[in-house]
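Since the structure comes first, as structure tokens, the remarks are kept for the end.
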Amino acid sequence: MRSARGWPVLLLAAVLIACSGYDGRPQGEIGATPRPAPQADADPIDLGRGEALYRDLCAHCHGPEAEGGRGWPSLRDASCQSCGEYTDLWQTIEATMPWRAANQCGRRCARDIAAWIVNGLSTAPTCTIEFEYAQIAMQDFRATVRIANRRGLDVKSWTLAWTPDAGQRITVVEGGDIEPRATDLLLTPAAAHARIADGGEVQIVIEGTHEGVNTVPDDLRLEAPPCFAAAPAAG
């Protein structure tokens, strides 16, 4: 007759495996799912505003050049674990900074400060965006979107948003997908166009119909960390 003394051990092992979330895959595959593409925000990133906000809200602790201060880490090197990842950094700033006064820096403030830091503490744009109508017919249009990376680092994923002209309808996207949102369009690249190597560029072709108005968007909002474009001109 088989002894029952081993059953508690087997039951405990089964419970531990179930609670651990282990699904039978090799351990190297856990966490291998890539981050989703960053979502272009309703408010454009403004590097100049980010620098100004940093100097007003952050410099007294982290130093005028983000070199760190007494009891506060540098934001220029590996001692800042979240500084190399834009989304992690702005979410940390929004939730916790400035120290004991986090309500002074909301989402837009945090995003601009984080962009300035991740952009190498520089207000100089490191990505460029070109939107050009290649063809406009009676009812149809064809446009190209080009994004160039001059950051010195690769872009792993990106999205681009803009407000279309009234009456425009997108019918074809070569190299990506466009999602209509409440007031704008969100362009997400296909996998083959998601990465932009340093010094490289990607091109997306868009086709659609119109009702007589086709202007180049003046609110192009690129989310492609660690690469940042110039903020759209104020209307």
Side-chain angles (χ1 to χ4, degrees), residues 34-50 86-87 111-112 115-116 118-120 122-235:
R35 284 177 174 269
Q39 297 293 296
D41 208 70
D43 293 314
I45 293 168
D46 189 325
L47 295 168
R49 185 172 182 268
Y86 172 66
T87 301
R111 281 166 47 82
D112 286 346
W116 179 72
V118 174
N119 199 50
S122 173
T123 59
T126 47
C127 265
T128 60
I129 316 166
E130 294 181 9
F131 188 109
E132 179 182 9
Y133 285 101
Q135 179 182 345
I136 299 177
M138 290 293 292
Q139 295 181 322
D140 307 314
F141 71 85
R142 181 180 176 89
T144 58
V145 176
R146 295 185 185 87
I147 301 171
N149 174 14
R150 304 291 183 264
R151 174 63 176 90
L153 298 168
D154 291 353
V155 169
K156 296 181 180 178
S157 60
W158 59 272
T159 58
L160 179 69
W162 70 91
T163 304
D165 287 318
Q168 283 188 334
R169 299 290 183 271
I170 306 300
T171 57
V172 176
V173 182
E174 298 177 10
D177 182 64
I178 285 184
E179 172 192 351
R181 302 194 295 187
T183 59
D184 63 8
L185 301 175
L186 180 70
L187 169 61
T188 301
H193 294 81
R195 180 178 177 272
I196 312 176
D198 176 43
E201 66 176 47
V202 295
Q203 175 174 299
I204 307 295
V205 176
I206 301 168
E207 296 181 2
T209 61
H210 66 88
E211 296 180 2
V213 180
N214 297 284
T215 57
V216 174
D218 60 5
D219 65 340
L220 292 165
R221 285 159 279 134
L222 177 67
E223 196 95 355
C227 177
F228 298 91

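Counting from 1, the numbers follow the sequence of the chain as shown. Treat the numbers as computed from the prediction; the structure is a model and nothing was measured.
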Contact between [X] and [Y] at the side-chain level, heavy atoms closer than 4.5 Å - yes or no?
| X | Y | answer |
| --- | --- | --- |
| Glu201 | Glu130 | no |
| Leu187 | Thr159 | no |
| Leu160 | Ile129 | yes |
| Arg111 | Ile45 | yes |
| Glu223 | Tyr86 | yes |
| Val202 | Pro189 | no |
| Leu185 | Pro180 | yes |
| Ile170 | Glu207 | no |

Which distance, rounded to the nearest 0.5 Å, do you find between the [atom1] of [X] and the [atom2] of [Y]?
| X | Y | atom1 | atom2 | value |
| --- | --- | --- | --- | --- |
| Thr188 | Asp177 | OG1 | CG | 6.5 Å |
| Trp116 | Asp46 | CH2 | CG | 13.5 Å |
| Leu153 | Cys227 | CG | SG | 9.5 Å |
| Thr144 | Arg146 | OG1 | CZ | 4.0 Å |
| His193 | Glu174 | NE2 | CD | 9.0 Å |
| Leu186 | Arg181 | CG | CZ | 4.5 Å |

Going by atom types alone, do [X] and [Y] pair a side-chain donor with an acceptor below 3.5 Å?
| X | Y | answer |
| --- | --- | --- |
| Asp219 | Thr163 | yes |
| Gln168 | Asn214 | yes |
| Asn149 | Thr126 | no |

side-chain contact (heavy atoms from CB on, under 4.5 Å) assessment of Gln203 paired with Val145: CA-CA 6 Å; Gln203 175 174 299; Val145 176; over 6 Å; no
Parallel, tilted or perpendicular: rings of His210 and Phe141 (30°, 60°): tilted
Phe131-Trp162 aromatic ring centre distance below 6.0 Å: yes
Criterion side-chain hydrogen bond (donor to acceptor under 3.5 Å, both in side chains) on Thr209 and Asp140, from CA distance to verdict: CA-CA 4 Å; Thr209 61; Asp140 307 314; 5.7 Å; no
Stepwise side-chain contact (heavy atoms from CB on, under 4.5 Å) test for Ile147 and Leu222: CA-CA 9 Å; Ile147 301 171; Leu222 177 67; 3.7 Å; yes
Work out which heavy atom in [X] is nearest to a heavy atom in [Y]; give both atom names and the distance.
| X | Y | answer |
| --- | --- | --- |
| Arg151 | Asn119 | NH2-C, 3.7 Å |
| Ala194 | Trp158 | O-CD1, 3.0 Å |
| Asp112 | Pro44 | OD1-O, 4.0 Å |
| Asp184 | Pro164 | CA-CD, 4.1 Å |

Stepwise side-chain contact (heavy atoms from CB on, under 4.5 Å) check, Val118 with Phe228: CA-CA 9 Å; Val118 174; Phe228 298 91; 4.0 Å; yes
Lys/Arg N to Asp/Glu carboxylate O, Arg150 vs Asp198, below 4.0 Å: no
Pair Arg142 + Glu132: basic N to acidic O under 4.0 Å: no
Worked verdict on Arg221 versus Asp41 for salt bridge (charged side-chain N to carboxylate O under 4.0 Å, His left out): CA-CA 7 Å; Arg221 285 159 279 134; Asp41 208 70; over 6 Å; no
